[in-house]
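Convention: sequence-line order gives letters A, B, ...; per-chain numbering from 1.
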Protein chains: 4
Amino acid sequence: MTAEAKTPQRTKHRTRDAEATKARILKAALNEFSRNGLGGARVDVIAEKADANKRMLYHYFGSKEELFQTVLENAYIDIRDAEQKLDLDHLPPKEALERLVRFTWEYYLKHPEFITLVNSENLHRAKHLKKSEIVKIYSRRFVSMVDTILQRGVASGEFRPGIDPVQLNITIAAIGYYYLTNRFTGSIIFERDLMAKEALEERLRFNIDTILRLVSA
Amino acid sequence: MTAEAKTPQRTKHRTRDAEATKARILKAALNEFSRNGLGGARVDVIAEKADANKRMLYHYFGSKEELFQTVLENAYIDIRDAEQKLDLDHLPPKEALERLVRFTWEYYLKHPEFITLVNSENLHRAKHLKKSEIVKIYSRRFVSMVDTILQRGVASGEFRPGIDPVQLNITIAAIGYYYLTNRFTGSIIFERDLMAKEALEERLRFNIDTILRLVSA
Amino acid sequence: MTAEAKTPQRTKHRTRDAEATKARILKAALNEFSRNGLGGARVDVIAEKADANKRMLYHYFGSKEELFQTVLENAYIDIRDAEQKLDLDHLPPKEALERLVRFTWEYYLKHPEFITLVNSENLHRAKHLKKSEIVKIYSRRFVSMVDTILQRGVASGEFRPGIDPVQLNITIAAIGYYYLTNRFTGSIIFERDLMAKEALEERLRFNIDTILRLVSA
Amino acid sequence: MTAEAKTPQRTKHRTRDAEATKARILKAALNEFSRNGLGGARVDVIAEKADANKRMLYHYFGSKEELFQTVLENAYIDIRDAEQKLDLDHLPPKEALERLVRFTWEYYLKHPEFITLVNSENLHRAKHLKKSEIVKIYSRRFVSMVDTILQRGVASGEFRPGIDPVQLNITIAAIGYYYLTNRFTGSIIFERDLMAKEALEERLRFNIDTILRLVSA
DNA sequence: AATGAATGAGTGTTCATTCAT
DNA sequence: AATGAATGAACACTCATTCAT
């Protein structure tokens, strides 16, 4: 971050603005993509929200799709980073698992953009994620993290053996993700406000219970 | 303007074509909407796939959105109808529940359109489903079906009491739906082909196990 | 009107229905054309308003434009017929002229369709009227009617000589027609409700005065 | 976003093209709208005539209707501006009035678009003019101009008192406007070429005569 | 005589992207 | 680095008219 030592003052200013512009564009794009999906998002709207010129968007990101890919990558990196910070290895297995379920639920709740982004990407058969090497690396770390918890639980006798960490991972995500991504149709089908404060708390309890029953010896 | 005037069995000739055209349009629309979502679907493509004139589409369905609503409604009616036909009330509770989990999974597998349709509808905050009275009626029947199974299970001592049938319903759907809707990103993240025959069978076993552990006394 | 003497009973029925259908179509077309002009009128709307099948419209009138021509012809015949019925030849010249001004004004007021139809026809450079022989015949009678009044007025010493009956005709029409056809923009420009009862009465008085001052010796 | 930012005389380069494009679109739109009315006008044709991209039309004017409104507003401003430039206050009342009648006639002759535009707007019940504040301001100035002439004429004893300037205004417009807007049907009805040079001159003389007789003491 | 299903050419409008400065 | 004008292909939707019965 000692840019001034390397570059003349004029350049420094330009660089700082450039980074800020990129950041504003990314933020606006995340918002627009998550609201309307890749297809429904409008480049003009992103540029306007970012208070940037449309041309800049193309200058920095190449195209709408490449911008989407960057936004998607960042979203995956964000959640994986947050998961790593949970520091589950220092907790007893049961607590670690409960904490992960809770974290997953709360992350989805705080970041509904993540869910819409992933849905959009699956509508497009993951063509953008396929190109992202970094996401794969982060993902491996995540799976091994859950695997470690499982192994510790089996060793302590709390968890039953033979549980596939991938299946468990998927199920932990599923029971939160599905509830939230389908909150609109769900609220109609089940004739209750799935997003009411108490409903959310009840769901979290139900999910923790589901996972613990699933793994317990 | 009555329904019988539109589909009388006698006056085959005049109406047969109309009904056939409507059916072709609906089929093509289901295909196109599920492939590309509401926003990404193209009216021209639907008409072409249906081997019908675009004008007919508007004649019968009013607009792209109304067509989507009809398609969506039909999709919900189809799954609810199929569920009713399972005749779970004559099975022992455990078997009934297992059968429901299996059915849900297999229905999603056979009807990936249903999943994409629901995702699309949630992206639009369920604005179309809100207008559909019939779907609400069908949904109530479905929830009470699961509730009956739970009650029978509690009575027989196999299931523990106090399980919310809505939460259970959501979880049964979630663990299948999430796996399949995110099969593209999932296959990358977890570096395995989630759609391989064996993977699918394994997931079904895992899901049945999850649900039975969740409800068992 | 002794159709039954000429045609067998079965035919009579058909004829009566046919005439009724034609009449309903013409009425509906007059309404729709005068509301929206030739270009803005919708064939579907005409058929619906007439409670007739669209095909009938084409069967009887050939095309939208030919239908418009018929409607227009009828409109001209109607006003010319009404003018002839005024029987102005038996009134003193001044009274005859006043009565004509009054009649013209009131006819336009009662038949706003006539005005819109004529405007529409002029937008199309009178291409439909050109084809109508009958309108020309009726028009001649009308001009000579006004000419007779003028001549009688000159003979009696009330009117000054040398007034062109065509110019007078045009002016009589103009001062009523313009006021009414431009009633919407006029009400804005002059910031008063030109269609209020009193405004209409005032305008009629003003117009009669204008014409009498114009011709008086 | 300020007006001076859009048309600065210095920064010619960037804005000149934009302003020129806007001007070309407006000119083409005036032409197309006056030829075919609002409904009959084609956006494609306007863009083509303007040698501009259709997208620009929407960029600058929002929609076909908003473009129409701008064209209409400009037309009203143009005629009101021209009227103000007549400088009638420095002429004797009679001459001022004659000059106004002559001007009105000649303006309509030179600007047949104005007439068609106004007709189109009245077909749409003045919905666009209603929104235009500027036109109302200009109109007030116009009415008071005629009022001043009348008052001066009454004061000099040339004109009779009690003439409503609005009625006079309407009549001055009417006797020219009607003749010209209905020149196509009129030429058929009266079986004479209303647009022949001599016919036009005769009509102007007739109109001046009509107005002077109307106001003279 | 009457019907309603069907059509192709168009209608206003919007889009992601590029050009000139 | 940044801008705003410009584009062409596509978009949902509509029209007057004809076909099959």
[X] side-chain proximity, nearest of [options]:
X: Arg55(A); options: dT13(E), dT18(E), dG8(F); value: dT18(E)
X: Lys64(A); options: dT17(E), dA6(E), dG8(F); value: dT17(E)
X: Tyr60(A); options: dG12(E), dA2(F), dA5(F); value: dA2(F)
X: Lys54(D); options: dG12(E), dA16(F), dG8(F); value: dG12(E)

Write down the distance between [atom1] ([X]) and [atom2] ([N]), rounded to a whole number of angstrom.
X: Glu32(C); N: dC15(F); atom1: CD; atom2: P; value: 10 Å
X: Glu66(D); N: dT14(E); atom1: CD; atom2: C1'; value: 15 Å
X: Lys22(D); N: dA6(F); atom1: NZ; atom2: C1'; value: 15 Å
X: Glu48(C); N: dA16(F); atom1: CD; atom2: C1'; value: 16 Å
X: Leu57(B); N: dC11(F); atom1: CG; atom2: P; value: 15 Å
X: Glu19(B); N: dG4(E); atom1: CD; atom2: P; value: 14 Å
X: Ile46(A); N: dT17(E); atom1: CD1; atom2: C1'; value: 13 Å
X: Phe61(B); N: dA12(F); atom1: CZ; atom2: C1'; value: 16 Å

Between Arg24(D) and Ala41(B), which has a closest nucleotide on DNA chain F that is more 5'?
Arg24(D)
Between Ala52(D) and Asp44(C), which has a closest nucleotide on DNA chain F that is more 5'?
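Its nearest nucleotide being more 5', the pick is Ala52(D).
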Among Asn122(B), Val135(B), Val118(B), which residue meets the side chain to side chain contact (heavy atoms under 4.5 Å, CB included) test with Leu129(B)?
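Exactly one option meets the side chain to side chain contact (heavy atoms under 4.5 Å, CB included) with Leu129(B), and it is Val135(B).
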If you count heavy atoms of other groups shown closer than 6.0 angstrom to NZ of Lys27(C), is the number above 12?
no
OP1 or OP2 of [N] under 4.0 Å from side-chain N/O of [X]:
X: Ser63(A); N: dA16(E); result: no
X: Tyr58(C); N: dC19(F); result: no
X: His59(B); N: dG4(E); result: no
X: Thr21(B); N: dA6(E); result: yes

Could you walk me through whether Asn36(A) and Leu123(B) pass the side-chain contact (heavy atoms from CB on, under 4.5 Å) test, one step at a time?
CA-CA 7 Å; Asn36(A) 305 302; Leu123(B) 187 61; 5.9 Å; no
Examine the base of dG8(F) for any acceptor or donor lying under 3.5 Å from a partner atom in the side chain of Asn53(D), and report the outcome as yes or no.
yes
5′-ward residue of the pair Arg42(A)/Met56(B) relative to DNA chain E
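This one resolves to Met56(B).
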Where each residue is assigned the nucleotide of DNA chain E containing its nearest heavy atom, which of Leu38(D) and Gly39(A) is assigned the position nearer the 5′ end?
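This one resolves to Leu38(D).
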For DNA chain E, produce a single dot-bracket line, 5' to 3'. Pairs: Watson-Crick or G-U wobble, both distances under 3.5 Å. Symbols: ( ) within strand, [ ] crossing, | other strand, . unpaired.
.||||||||||||||||||||
Are side-chain heavy atoms of Leu72(C) and Gln69(C) found at a separation under 4.5 Å?
no
Between Arg42(D) and Glu32(D), is there a salt bridge with N-O shorter than 4.0 Å?
no
Between Glu65(C) and Lys127(C), does any side-chain N to carboxylate O distance fall below 4.0 Å?
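Salt bridge between Glu65(C) and Lys127(C), a charged N being under 4.0 Å from a carboxylate O: yes.
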Between Thr70(B) and Glu66(B), is there a donor-acceptor pair closer than 3.5 Å when you use the side chain of the first and the backbone of the second?
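Answer holds: yes.
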Within the 4.0 Å heavy-atom criterion, would you say Val43(C) contacts the bases, only the backbone, or no part of the nucleic acid?
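Base, at least one base atom sits under 4.0 Å.
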Considering residues at least two apart in sequence or located in another chain, which fulfil the ring pair (Phe, Tyr, Trp, His ring centres under 6.0 Å) criterion with His124(A)?
none
